[in-house]
Enquirer: 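Let me give you the structure first, and then I'll get to my questions.
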Amino acid sequence: QDWDKLDEHCEIVHMEITPNCNRQCAYCYNPKNEPQLSMDDLQTIIDKLAKANVFQITFGGGEPFIRKDVFSLAM
């Protein structure tokens with residue numbers, strides 16, 4: 001086993017798909033009501049990550065479920 005080859009690819013990427021949130025947590029560091037990437041932009045990024053052999057992508061934010069298209073991204 002050549003262990004050096006195991007670190008050639010990023011295994012997990014955490015993507016902020018929106019900075020927006022419907023909560024008002026005092027400790028939150030995210031800006032509120034900021035512009036977010038379009039579905040096409042996010043899909044392009046996801047496609048590039050897949051071609052780079054990324055094993056897993058997680059969605060975060062803000063609150064990712066605010067996006068009405070969040071489930072389309074996961075397909």
Side-chain angles (χ1 to χ4, degrees):
Q1 178 82 22
D2 189 355
W3 295 102
D4 293 335
K5 291 183 180 181
L6 295 178
D7 289 331
E8 288 182 11
H9 301 288
C10 178
E11 292 182 20
I12 301 171
V13 170
H14 181 76
M15 289 181 61
E16 179 185 286
I17 61 171
T18 181
N20 301 325
C21 185
N22 56 347
R23 307 279 315 260
Q24 299 296 322
C25 302
Y27 54 82
C28 184
Y29 57 85
N30 270 4
K32 306 292 186 261
N33 301 315
E34 292 289 319
Q36 58 190 15
L37 292 175
S38 70
M39 174 62 121
D40 288 339
D41 290 339
L42 290 170
Q43 192 60 58
T44 297
I45 293 168
I46 290 169
D47 291 344
K48 287 181 179 183
L49 291 171
K51 287 178 184 170
N53 296 320
V54 169
F55 179 70
Q56 178 180 351
I57 300 171
T58 62
F59 298 145
E63 174 50 60
F65 290 106
I66 284 180
R67 285 191 71 117
K68 296 187 184 329
D69 56 5
V70 67
F71 293 106
S72 298
L73 286 172
M75 300 288 193

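Please read these numbers as outputs of a predicted model, since none were measured by experiment.
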Enquirer: Please name all residues satisfying side chain to side chain donor-acceptor pair (under 3.5 Å) with E16, sequence neighbours left out, ordered by chain then number.
Expert: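 By the side chain to side chain donor-acceptor pair (under 3.5 Å) rule, E16 matches no residue at all.
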Enquirer: Locate the shortest heavy-atom distance separating T58 from Q56; write the atom from each residue and the value.
Expert: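 Scanning both residues completely, I find the closest heavy atoms to be CG2-NE2, 3.7 Å.
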Enquirer: For A74 versus F59, what's the shortest heavy-atom pair and its separation?
Expert: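 Closest approach of A74 to F59: N-CE1, 4.1 Å.
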Enquirer: Please check if any side-chain donor atom of D69 sits under 3.5 Å from a side-chain acceptor atom of S72, or the reverse.
Expert: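 S72 and D69 do not have a side-chain donor-acceptor pair below 3.5 Å.
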Enquirer: Provide the closest heavy-atom pair for P19 versus P35 in the form atom of the first, atom of the second, distance.
Expert: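 Taking every non-hydrogen atom into account, CG-O, 3.8 Å.
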Enquirer: Please answer whether the main-chain N or O of T18 pairs with a side-chain N or O of R67 as donor and acceptor at a distance below 3.5 Å.
Expert: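 No: the side chain of R67 does not pair with the backbone of T18.
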Enquirer: Calculate, to the nearest 0.5 Å, the distance between atoms CG and CD1 belonging to D41 and I46 respectively.
Expert: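 D41 CG to I46 CD1: 11.0 Å, rounded to 0.5 Å.
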Enquirer: For N22, which residues count as a side chain to side chain contact (heavy atoms under 4.5 Å, CB included) partner, sequence neighbours excluded?
Expert: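 E63, I66.
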Enquirer: How many angstroms lie between atom CD of Q43 and atom CG of L73, to the nearest 0.5 angstrom?
Expert: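 It is 6.5 Å, given to the nearest 0.5 Å.
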Enquirer: Check side chain to side chain contact (heavy atoms under 4.5 Å, CB included) between I45 and all other residues, then give those that pass, not counting sequence neighbours.
Expert: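 I45: side chain to side chain contact (heavy atoms under 4.5 Å, CB included) contacts with M15, L37, L49.
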